[in-house]
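Reading through the structure tokens given below for one structure.
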Amino acid sequence: MQLLDGKSCSEQIRQEIAQQVSKIIASGQRAPHLAAVLVGTDGASENYVAFKVKDCAEVGFKSTLIRMDETVTEAELLRKISELNADNDIDGFIVQLPLPAHIDTNKIILAIDPGKDVDGFCPANVGNLSLGLPTFISATPNGIMELFRRYNIETEGKNCVVLGRSNIVGTPMAILMSRNTNPGNATVTIAHSRTKNLVELCSKADILIVAIGKTEFVTADMVKEGAVVVDVGQTRVPDSSKKSGFRNVGDVDFENVKDKCSYITYVTGGVGPMTRASLLQNTLKAHQKR
Ligand code: NAP
């Protein structure tokens, strides 16, 4: 078994980006600029956004964090998005999800200028992805493809099961793996909560990508000998032994699954850092496009 080490891969990517930023600045241009809108004070969202700001500083990007109160109205948030769309100093921005229940997330995503949608969530960008046209690819699936690329994981002709069909992970992941690209060219099945015979289906997968948010859901009997297993899941569970009071648990029962795999990611240092690196790649791309 070999660990797919997202931490070290993402460090490489950050170094590559930092080198490009140095060149951009040496050529007299301004640094790429990412803005993040954070509504409310959800602990996990606070953490994710703090990491994004820290990552920007590390590679030499400018970043702006816009905090809005939990009670912000949809109209106020839409106004902020219009401002960010029009701001020539900002190359790309994200609105950290999830949003409070009184705000229609789809309306917010639709309001983002696709040219600044570095999360790759807008219909225009998802449409381009489906057609194989240049686009901003959603950060998590893009990070997983980058892991496959950097570890030379053979995907062509492989039987790939993507467990979970969310708009931000499962669905774009399945599209990417089925495209005529390398990595890609896999035969893909998307599974979800209504799928029958999940154990049988998963246990036939050469590549199993799991994004459901159910702790240690994938057990050893669901994994084929020699499979590549990617665990996207990240659920906070209380843990008094940790300073933070919680630990992250993945969707895969890592301890019991790992020895069956050729490659596997771990919940810590796996997909998470690659997602963060992908957002930086998209922001750099947005800067280059402008
Ligand atoms: P989501 O929007 O809640 O979607 C979950 C998907 O899993 C849905 O398609 C759902 O099916 C399916 N599902 C739920 N229970 C299932 C079951 N028992 N059997 C089969 N399928 C089931 O979640 P998400 O946003 O994709 O996130 C999934 C996980 O990845 C979460 O733990 C999240 O925190 C994590 N995540 C991690 C990163 C990272 O960078 N590491 C990034 C994004 C997300 P239905 O469609 O039928 O409801």
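Computed from heavy atoms alone, side chains included, the values below leave out hydrogens, waters and symmetry copies. Every number for a ligand or one of its atoms is a count from 1 in the order of the listing.
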Please list the nearest protein heavy atom to [atom] with its residue and the distance rounded to 0.1 Å.
atom: atom 8 (C) of ligand 1; answer: Arg165 N, 4.0 Å
atom: atom 35 (C) of ligand 1; answer: Val232 O, 3.5 Å
atom: atom 32 (O) of ligand 1; answer: Gln234 N, 3.0 Å
atom: atom 44 (C) of ligand 1; answer: Val169 CG2, 4.0 Å
atom: atom 48 (O) of ligand 1; answer: Ser193 OG, 3.7 Å

Heavy atoms from other residues, nucleotides or ligands near [atom1] of [X] exceed 12 (cutoff 6.0 Å):
X: Lys7; atom1: NZ; answer: no
X: Tyr266; atom1: OH; answer: no
X: Glu216; atom1: CD; answer: yes
X: Glu156; atom1: CD; answer: no

Atom CZ in Phe148, atom SG in Cys9: separation rounded to 0.5 Å?
11.5 Å
From OH (Tyr263) to CG (Asn152), nearest 0.5 Å:
8.0 Å
[X]: numbered ligand 1 atoms lying under 4.0 Å from its heavy atoms:
X: Leu198; result: 19 (N), 20 (C)
X: Gly164; result: 6 (C), 7 (O), 9 (O)
X: Gly272; result: 40 (O), 41 (N)
X: Thr275; result: 39 (C), 40 (O)
X: Lys214; result: 15 (N)
X: Gly213; result: 28 (C), 29 (C), 31 (C), 32 (O)

Who's closest to [atom] heavy-atom-wise, of [options]?
atom: atom 4 (O) of ligand 1; options: Cys202, Gly6, Ser166; value: Ser166
atom: atom 22 (C) of ligand 1; options: Ile212, Val271, Leu279; value: Ile212
atom: atom 42 (C) of ligand 1; options: Asp231, Thr140, Leu97; value: Thr140

Can a non-hydrogen atom of Gly170 be found less than 4.0 Å from any atom of ligand 1?
no
Looking at ligand 1, would Val267 count as a contact under a 4.0 Å heavy-atom criterion?
no
Please check this pair: side chain of Asp231 against backbone of Val267, looking for a donor-acceptor N/O pair closer than 3.5 Å.
no
hydrophobic_cluster_shared for Val169 and Leu198, side chain cutoff 4.5 Å:
no
With hydrophobic residues grouped by side-chain heavy-atom distances under 4.5 Å, do Leu147 and Val252 end up in a single group?
no
Polar proximity ligand 1 side, Arg194 side, N/O cut 3.5 Å exclusive
no
State, without any angle test, whether [X] and [Y] hold a side-chain donor-acceptor pair at a distance under 3.5 Å.
X: His33; Y: Thr64; result: yes
X: Glu146; Y: Tyr151; result: no
X: Ser8; Y: Glu11; result: no

Mark whether atom 18 (N) of ligand 1 lies under 4.0 angstrom from at least one protein heavy atom.
yes
Hey, is atom 27 (O) of ligand 1 touched by any protein heavy atom at less than 4.0 Å?
no
